[in-house]
Amino acid sequence: MPRIALFALVLLLVQPSAQAENTTAATSIPQAAIAVANGLRERALKDEVAYDLVEGLTTEIGPRLAGGENDQKARDWMVAKFKALGFDKVWTEPVSYPKWVRRSETAAITEPYAQPLVVTALGYSAGTPAGGLEAEVIAFDSLQALKDAADYLVKGKIVYVGIPRMHALVDGRDYGTGSAVRVLGPELAAAKGAAAFLLRSVGSDNNRLAHTGMTRFSDPAKAIPAAALSNPDADLLDAVLKRGKPVKLHLALDCGLDGTYTGANVIAEITGSERPNEYFLTGGHLDSWDLGTGALDDAAGIGITTAAAHLIGQLPNRPARSIRVVAFANEESGLYGGRAYAAQHHLQIGKAILGAESDAGADRIVKVTATVKPEARAAIGQIAAALAPLGIEYDAEAPGSGGSDLSAVHAVGMAGLSLRQDTTRYFDWHHTANDTLDKIDLEQLRQNVAAYAVAMYLAAEAKGNFGSAAGAFAEQKDEH
Ligand code: ZN
Ligand code: ZN
């Protein structure tokens, strides 16, 4: 190679290409994009697609327990919907996990006052012996009290953790306390030799319906039966316990692990016009608990994000970057879909420029937060300004991991945007038989579609990035 050509090549290699971002320059969103986003916002407030998706998924498929009989049907349904809505690419990526099944569940107080109780098994609960088990109850008012208890007091008993009922709050902040009892309590009780574990449902309602949800046993061979009592039944058990007499319960759970299942994340894309390999990552989870039809959790998230991406796909021109919608597999039993996505895409996580998942029902978004590089803060401010007419407040201090499944993707370096919904009503119905279509408020659902359409479009059009890179944000604390 002639020396002059070699010199030119070296220059080419050391100079940043026209495409490369200057990572220290401020990220900004062009005015023309903001004008388009304002139009999207108005059209989204008349959107029919999100509601049709929620109605369709809950009516034509219904409960979608991960690995259950509707798992494949839901994926086929989703692939067909993405194609019918005109997405440019639709594909699936496999996700494997231990399959858990629920067959039947009953409970009753046997002493001192015989009464039936409404319970539901927690995901990953072991079954009881056939015919059930009967044992004395030992009650605790917190996870800490159970931790502090001497093993011999717990051995052979049914542990009951009677946490206070969740308050119905706009930010759902009681959920963290309750879900910690649900996730960590059964394994703690098992380690102390308990026969079974019960907790007050993690829910803010007074319906006689129990709230399910996952628990965790690091060694499945050491799993014990674990279930939630409905709030009125927890009140009843509390009142019986107050009498100070020994209390015995009968518990019969037919449930447990049943091999390994391979499902899939269903993915669709509106392909960008200038940087098609870079994308805004959004979506919801396709699985649901089996007790309701999973309208709020999380057909709503699927509907909101798919409808928002569809609106962008209807524009005369594609945005600069792609919009990628993922209908995640098995969020409910341990974020398997999100973790599989993170594992598969972590080396190219810089291509996922920003992510926001919808998984808190269908009520209005009240606040936007983000975890991005400092140079992108002003661009988040521009997005927040375009969201303000929807009544969404910007909290520039709080972090934003992007949502449940995206927490795994955020953990490997994706910048996150959190569009936080009003959860005042959500935890009345969450993970119960009451999670059904009638809880969807069309106007509030549309407000969500509008917010996602605006945020996705503006991020896809941004000049500069939001700081996504392998290993970025490792020092950030999650919001949960
Ligand atoms: Zn969910
Ligand atoms: Zn859930």
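One-based numbering, in listed order, for ligands and for the atoms of each.
- Tyr279 does not carry Arg321 over the face of its six-membered ring by the limits of under 6.0 Å from the centre and within 45° of the normal.
- Residues that satisfy the side-chain contact (heavy atoms from CB on, under 4.5 Å) test with Asp428, not counting sequence neighbours, are Ser204, Asp205.
- Among residue pairs with one or both ends in residues 179-188, those qualifying as side-chain hydrogen bond (donor to acceptor under 3.5 Å, both in side chains) are Tyr175-Arg182, Glu187-Ser218; sequence neighbours excluded.
- Legend: residues meeting ring-ring contact (aromatic ring centres under 6.0 Å, His included) with Tyr341, ordered by chain and number and at least two apart, are His345.
- Shown are the protein N/O/S atoms under 2.8 Å from the Zn ion (ligand 1), given by residue and atom: His285 NE2, Asp297 OD1, Asp359 OD1, Asp359 OD2.
- Using modelled atom types, one finds a donor on one side chain and an acceptor on the other under 3.5 Å when comparing Asp359 with Ser404.
- With ring centers used as reference points, Tyr160 lies 6.0 Å or more from Phe140.
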